[in-house]
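Just so you know, ligand 1 is whichever comes first in the structure, and atom 1 is the first atom listed for that ligand. Note that these values count all heavy atoms, side chains included, but never hydrogens, waters or copies made by symmetry.
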Amino acid sequence: MLFIDTDPGVDDALAILMAHARAPGVAGLGIAAGNVGLHHTTANALKLVELMGVSTPVFPGAPQPLVRRAADAAFVHGADGFGDTGYLPARRAAHNEHAALALLRLSHAHAGELVLVALGPLTNLALALSLDPQLPSRVARLVVMGGAVTGQGNASVAAEFNFRFDPEAAHIVFSRWPRFDLVDWELTLRHALDFERFEHWLAGGDARAAFFAAISRKARAVNRARRHPGIIVADALAMAVALRPELIINAEERAVAIELDGGLTRGATVVDWQQRRTGAVASARIVLAVDQPGFEQLVAAALGARTG
Ligand code: BDR
Ligand code: CA
């Protein structure tokens, strides 16, 4: 059973579609502010749930980072986080329970079985972990999308967006969670999706593809304008790693700390690559390569399309 903490967001949307396209089921969506404000990220999650015709509960969480306010990513995802298509809002409502509390409750209900997938700023996870330090003992696996492990960020020179948005939350999770998988920004660049092939899936898929084509129009244009090697869907890559860990081809376990104070580097992931500098426990399994055809199959299936 999955619990997805997310800030939808275009690539979050693809990840959520992917998670619902195959077992083992989704216990809930915890929602954070990040790509855009909490009002929009919650509305976007509800819209996706309605589109898929599922009953996955949506739990709004933190409306802002733990300590300092931060800039959003509306310039990529649109002012509403879903490409400003003016979609009809979902008829269903979000749950009243805070995302952090829902996560704690569901971690008891599915103790030892829950796979936690963090696709946004780690604010909700940090709150849950602060309330209950025993949380990791009930979670089967944690997969985090965030960071730039050799310092080549997307939100600043050195920092990736999710951790740049809430560095203190990332610090809490990284310093207390005993072992987790890390899918960083630089990995997502190495696993970009070919522009033409992606268009083919969008054209050949079902209602999910049509919706995703609309909400991702702006983000796809940004990918081309920035001369990325293809379409970057960071959260979908993290979800693929969560759903099919056997897709991991190469990974290294290292101690990773989050820079909180640097004027140029706030939110950066500082990796002890030499494994002797800090003496800290190597709690992050940094994913370095993923089976690309296997990843692409999951992407196509999430859109109701076929690879090839
Ligand atoms: C991450 O930041 C967000 O803009 C995306 O949704 C993804 O989670 C990539 O840096
Ligand atoms: Ca995200």
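Checking only distances, Gly120 never comes within under 3.5 Å of ligand 1, N or O to N or O.
Counting only protein atoms, the N, O or S atoms lying less than 3.0 Å from the Ca ion (ligand 2) are Asp7 OD1, Asp12 OD1, Asp12 OD2, Leu119 O, Asp235 OD2, ordered by chain and residue number.
Taking the side chain as every heavy atom from C-beta outward, Phe212 and Phe82 never approach each other to under 4.5 Å. With a 4.5 Å cut-off on side-chain heavy atoms, Ile231 and Val233 count as touching.
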Let's go through Asn35 and Asp72 carefully: what are the C-alpha distance in whole Å and the side-chain angles of both, what is the deciding distance for side-chain hydrogen bond (donor to acceptor under 3.5 Å, both in side chains) to 0.1 Å, and is it a yes or a no? CA-CA 5 Å; Asn35 283 321; Asp72 66 20; over 6 Å; no
May I have the step-by-step check of side-chain contact (heavy atoms from CB on, under 4.5 Å) for Leu29 and Val26, ending in yes or no? CA-CA 8 Å; Leu29 300 176; Val26 182; 4.2 Å; yes
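When the side-chain contact (heavy atoms from CB on, under 4.5 Å) test is applied to Ala302, the partners found at least two apart in sequence or on another chain are Leu14, Leu17, Met18.
Ionic pairing of Arg197 and Glu296 is present here: one or more N-O contacts between side-chain nitrogen and carboxylate oxygen are shorter than 4.0 angstrom. Between Glu259 and Arg266 there is no salt bridge, since no side-chain nitrogen of the basic residue lies less than 4.0 Å from a carboxylate oxygen of the acidic one.
For ligand 1, the atoms lying closer than 4.0 Å to a non-hydrogen atom of Trp185 are 9 (C), 10 (O). Residue Phe161 approaches ligand 1 through these ligand atoms, each under 4.0 Å from one of its heavy atoms: 2 (O), 3 (C), 4 (O), 10 (O). Listed by number with element, the atoms of ligand 1 under 4.0 Å from a non-hydrogen atom of Asn154 are 9 (C), 10 (O). Residue contact check: Glu160 has heavy atoms under 4.0 Å from atoms 1 (C), 2 (O), 9 (C), 10 (O) of ligand 1. Each of the atoms 5 (C), 6 (O), 7 (C), 8 (O) of ligand 1 lies under 4.0 Å from some heavy atom of Asp235.
Of the protein's non-hydrogen atoms, Asp11 OD1, 2.6 Å is the one closest to atom 6 (O) of ligand 1. Protein heavy atom closest to atom 3 (C) of ligand 1, with residue, atom name and distance, is Asn35 OD1, 3.1 Å.
Side-chain atoms of Asn44 and Tyr87 include a donor-acceptor pair closer than 3.5 Å. Between the side chains of Glu160 and Thr269, no donor-acceptor pair is found at a separation under 3.5 Å.
Of the options Leu38, Asp12, Asn124, a side chain to side chain contact (heavy atoms under 4.5 Å, CB included) to Ile31 is made by Leu38 and by none of the others.
Of all the heavy atoms of Leu119, the ones lying under 4.0 Å from any atom of ligand 1 belong exclusively to the backbone.
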